[in-house]
Amino acid sequence: MIKARLKERLDQCFVEGIEKGFWTDSAADLYSVEEPKQVAHGDFSTNMAMIVAGREKRKPRDVAQQLAGMLSLHKDLVHKVDVAGPGFVNVFINKDEWQKVLYVVCELNENYGPANVGNGKKVLVEFVSANPTGPLSVGHGRQAVLGDAVARLLSETGHEVTREYYYNDAGRQMRVLGESTRARYLELLGLPAEFPEDGYQGRYIRDIAHELVEEKGDTLKDAPDEIPFKEKAEKVIFDDINNTLGRLGIRFDNYYNEHSLYENGHVDEVVNLLRERGLVYDQDGAVWFKTTDFGHDKDRVIIKSSGEPTYRLPDIAYHREKFRRGYDWMVDIFGSDHIATVPDVLAGIKALGYNDEKVTVVIHQFVTLMRDGKQVKMSTRKATFVTVDELLDEVGPDVVRFFFLMRRADSQLEFDLDLATKESQENPVYYVQYGHARLASIAKQAEAKGVKAGNLDAAAVHLLALPEEINMLKAMASYPDLVTNAALALEPHRLIFFLQDLAGQFHSYYNKHRVLSDDQELSRARLWLAEGLRIVFRNGLTLLGLTAPEIM
RNA sequence: GCGCCAGUAGCUCAGUUGGAUAGAGCAACGGACUUCUAAUCCGUAGGUCGGGGGUUCGAAUCCUCCCUGGCGCGCCA
């Protein structure tokens with residue numbers, strides 16, 4: 001908020017400079033306000049002088065002097081202005097501006113957070129979208145948590161968010177699932193069974209078969225097809241997936257069945273529309289989509305010669321429906337193994353006359369699981385995968401969520417089970433949560449001692465003048481912008497890093513200075529600071545779906 | 001062979017979209033509990049930002065060419 005205010009003043013100075021004939025408007029909108037890494041460089045700095053100088057062939061430091069002269073007159077906000085380096089103008093903000101941040105935080109309390117940049121924009125966030133062929137594995141876990149955090153961030157910034165899970169219970173995968181279950185069922189009955197070559201070998205299939213035996217006895221042994229087995233397996237597995245998601249605190253608003261796109265004729269419509277536009281042709285008995293018209297290296301089959309569509313066609317139809325359902329922004333969270341589908345879907349959307357810029361695809365890289373210092377190789381078909389449920393059993397939802405959010409989606413995520421399962425101080429999630437718990441504890445301690453914080457007033461706030469205190473206030477001040485930017489960039493990890501940093505500042509402060517002391521006025525002031533910090537920790541943690549414990 | 005993503009301290013990773021002397025955690029070493037919670041803190045050490053070239057006032061960040069790893073490149077999803 002202070003940064004925005006400074007930017008306004010800077011804009012004023014820029015205009016003033018034009019009026020005074022210092023420079024022209026050639027640098028308009030090109031300069032920026034930054035937060036320097038070094039304290040000596042002030043609270044903020046601007047590169048305006050260098051931009052102006054570059055465009056008008058002048059000496060940057062001369063321009064900087066002119067700017068500094070004007071900016072330093074804004075004494076209500078600015079304490080000091082320096083010209084430094086190649087032409088930076090460094091700005092030191094009045095200390096009490098930082099102190100006043102505490103009013104805002106404490107007053108807004110749970111509402112202290114990002115701006116309403118969404119303005120009611122309707123956003124569809126699609127994620128997980130795993131077909132019900134098995135329990136959620138670690139890879140799905142990352143996607144589930146990432147998608148949920150993105151949805152939470154968007155929601156918090158004033159977007160109207162729908163969380164959607166897209167699935168297909170009619171394809172070949174599901175047939176194999178049914179056949180795998182049937183084979184296990186027959187085995188349990190002691191009957192000859194042929195397990196499909198590419199069947200699902202996980203233990204859960206046996207468990208489902210076992211349930212079937214208990215419920216139906218041997219009445220299904222002569223079933224004409226795998227359908228009753230498929231249906232049972234699908235139901236059990238979907239329940240299991242939803243249970244896992246529930247444990248992670250994730251709820252979907254909508255489950256979208258691919259099959260409905262056929263029933264409603266949307267798939268056929270898409271083919272017809274593309275055909276009308278001459279973007280589809282028949283060859284070798286198959287129907288092809290002319291993706292080369294969109295710059296791709298080759299055309300793609302959308303209906304096989306068998307008459308069955310490939311996955312691309314319903315995917316395109318599905319995204320068309322997203323547009324037709326009136327969403328302003330569609331966010332897809334995909335694993336990197338689905339990257340090939342993205343250009344095809346976008347081409348399809350464009351071909352149908354929709355603006356593909358309204359679709360943002362977040363591709364997350366894979367999770368590498370480390371156990372006993374070695375990488376665990378995983379495969380859904382074979383029994384060699386670690387489920388999200390197993391992780392949750394071992395470390396609980398907070399650690400799972402935190403670990404999955406610690407990294408940029410772009411980078412591969414190493415999930416160290418040895419570390420995550422260790423309930424020790426090495427776990428960064430405890431570090432942050434402990435900060436909150438300590439703050440809560442201070443409040444309780446104050447109450448027990450009869451120390452009253454009283455009203456938050458100027459007298460109290462001015463006592464918060466230590467560099468550590470000002471720095472924490474600065475961090476608190478930057479929280480709303482940070483969350484806003486994290487939301488718009490779809491990057492929850494920024495908030496994780498913010499919280500870790502703030503926790504570091506606070507723990508350090510805690511060890512050096514006492515909140516509650518013999519000095520009543522100072523205690524009062526610091527109690528308010530503690531309250532502000534607690535609010536920011538709590539808001540940040542809950543925004544990411546993490547708990548903010550009072551006691552640890 | 002082609003496309004996407006990555007390569008930053010011993011390890012795992014940030015780096016505000018081009019800013020000033022590149023940061024954190026873990027691991028290592030040495031310290032701090034009669035005090036609001038030691039799940040904490042303080043100190044030390046650690047770097048050719050994969051490599052070469054280019055763009056400009058200025059590059060970890062942008063363009064280009066190589067190297068390495070991951071994921072794809074199907075009438076599988």
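Labels below follow one simple rule: chain letters A, B, ... track the order of the sequence lines, proteins then strands, and each chain is numbered from 1.
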Please report the distance, rounded to the nearest Å, between [atom1] in [X] and [atom2] in [N].
X: A:His140; N: B:rA77; atom1: NE2; atom2: P; result: 16 Å
X: A:Leu30; N: B:rG19; atom1: CG; atom2: P; result: 14 Å
X: A:Tyr31; N: B:rG19; atom1: OH; atom2: C1'; result: 17 Å
X: A:Gln365; N: B:rG72; atom1: CD; atom2: C1'; result: 10 Å
X: A:Leu499; N: B:rG25; atom1: CG; atom2: C1'; result: 15 Å
X: A:Glu258; N: B:rC76; atom1: CD; atom2: P; result: 14 Å

Base, sugar-phosphate, or nothing: which does [X] touch, judged by heavy atoms less than 4.0 Å apart?
X: A:Asp501; value: nothing
X: A:His338; value: base
X: A:Lys449; value: nothing
X: A:Asp82; value: nothing
X: A:Ala437; value: base
X: A:Leu482; value: nothing
X: A:Ser305; value: base
X: A:Gln38; value: base
X: A:Glu35; value: base
X: A:Ala286; value: base
X: A:His513; value: base
X: A:Glu491; value: nothing

Closest approach to the side chain of [X], judged atom by atom: which nucleotide of [options] is it?
X: A:His493; options: B:rC41, B:rG15, B:rA77; answer: B:rG15
X: A:Ala84; options: B:rC76, B:rA77, B:rA20; answer: B:rA20
X: A:Gln412; options: B:rC76, B:rG69, B:rA38; answer: B:rG69
X: A:Arg438; options: B:rG19, B:rA38, B:rC73; answer: B:rA38
X: A:Asn90; options: B:rU40, B:rG19, B:rA20; answer: B:rA20
X: A:Tyr510; options: B:rA14, B:rC57, B:rC36; answer: B:rC36
X: A:Ile339; options: B:rC4, B:rC57, B:rU40; answer: B:rC4
X: A:Tyr430; options: B:rA39, B:rC71, B:rG74; answer: B:rA39
X: A:Gln173; options: B:rU40, B:rC5, B:rA77; answer: B:rA77
X: A:Thr341; options: B:rG19, B:rC76, B:rA77; answer: B:rA77

- request: Please step through side-chain contact (heavy atoms from CB on, under 4.5 Å) for the pair A:Phe289 and A:Leu313, ending with a clear verdict.
  value: CA-CA 9 Å; A:Phe289 177 27; A:Leu313 182 50; over 6 Å; no
message: Within the structure provided, determine whether A:His513 and A:Leu466 are in side-chain contact (heavy-atom separation under 4.5 Å).
response: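 Heavy-atom side-chain distance check passes, below 4.5 Å.
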Shortest non-hydrogen contact from [X] to [Y]?
X: A:Ala475; Y: A:Gln505; value: CB-NE2, 4.1 Å
X: A:Ala446; Y: A:Leu527; value: CB-CD2, 3.6 Å
X: A:Asp82; Y: A:Phe92; value: OD2-CE1, 3.5 Å

So does [X] reach the base of [N] with its side chain, donor to acceptor, closer than 3.5 Å?
X: A:Tyr311; N: B:rA77; answer: yes
X: A:Ser45; N: B:rA20; answer: yes
X: A:Ser441; N: B:rC36; answer: no
X: A:Asn47; N: B:rA20; answer: no

message: We want to know whether A:Ser26 and A:Glu56 form a side-chain donor-acceptor pair, criterion being a heavy-atom distance below 3.5 angstrom.
response: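 Yes, a side-chain donor-acceptor pair sits under 3.5 Å.
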- prompt: Can you find a side-chain donor-acceptor pair between A:Tyr509 and A:Asn471 that sits under 3.5 Å?
  reply: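 No, no side-chain donor-acceptor pair sits under 3.5 Å.
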message: The test is side-chain contact (heavy atoms from CB on, under 4.5 Å); show your working for A:Glu469 and A:Arg526 and say whether it passes.
response: CA-CA 9 Å; A:Glu469 290 165 338; A:Arg526 290 184 174 173; 3.0 Å; yes
query: Hey, which of these two, A:Ser336 or A:Pro60, hits RNA chain B nearer its 5' end, going by closest nucleotide?
result: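 Its nearest nucleotide lies further toward 5', so the answer is A:Pro60.
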message: Closest-nucleotide mapping onto RNA chain B: is A:Lys37 or A:Val33 further toward the 5' terminus? I mean the 5' end.
response: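 On the 5' side of the pair lies A:Val33.
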query: By centroid distance (under 5.5 Å) and plane angle (under 30°), are A:Phe88 and B:rA20 in a stacked arrangement?
result: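 The ring of A:Phe88 is stacked on B:rA20.
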- prompt: Using the rule for Phe, Tyr, His and the six-membered ring of Trp, do A:His41 and B:rA20 stack at under 5.5 Å and under 30°?
  reply: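 Yes; centroid distance and tilt both under limits.
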query: So how far is it from A:Leu279 CG to A:Lys350 NZ, rounded to the nearest 0.5 Å?
result: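 So the CG of A:Leu279 and the NZ of A:Lys350 are separated by 12.0 Å.
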field: Reported CG-to-CD distance for the pair A:Asp332 and A:Glu164, which is rounded to 0.5 angstrom
entry: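 That separation rounds to 10.0 Å.
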Partner nucleotide, any strand, of B:rA28 [Watson-Crick/G-U, under 3.5 Å]: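 Because both required distances fall under 3.5 Å, B:rA28 counts as paired with B:rU44.
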Paired nucleotide for B:rG1 [Watson-Crick or G-U wobble; both distances under 3.5 Å]: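 Paired with B:rG1, as far as the under-3.5 Å criterion goes, is B:rC73.
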message: With the 90 degree cut-off around zero defining syn, does B:rC33 come out syn or anti?
response: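 Syn conformation for B:rC33.
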- request: Pull up the glycosidic torsion of B:rU17 and say syn or anti, syn being anything within 90° of 0.
  value: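 Classified syn.
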Is there a side-chain contact between [X] and the phosphate of [N], meaning an N or O under 4.0 Å from OP1 or OP2?
X: A:His507; N: B:rC42; answer: no
X: A:Lys512; N: B:rU40; answer: no
X: A:Tyr431; N: B:rC41; answer: yes
X: A:Arg494; N: B:rG15; answer: no
X: A:Ser129; N: B:rA77; answer: no
X: A:Thr310; N: B:rA77; answer: no
X: A:Arg408; N: B:rA14; answer: yes
X: A:Lys304; N: B:rC76; answer: yes

Taking the [atom1] atom in each of [N] and [M], what is the distance between them to the nearest angstrom?
N: B:rG54; M: B:rC71; atom1: P; value: 35 Å
N: B:rA60; M: B:rU21; atom1: C1'; value: 15 Å
N: B:rU8; M: B:rG30; atom1: C1'; value: 28 Å

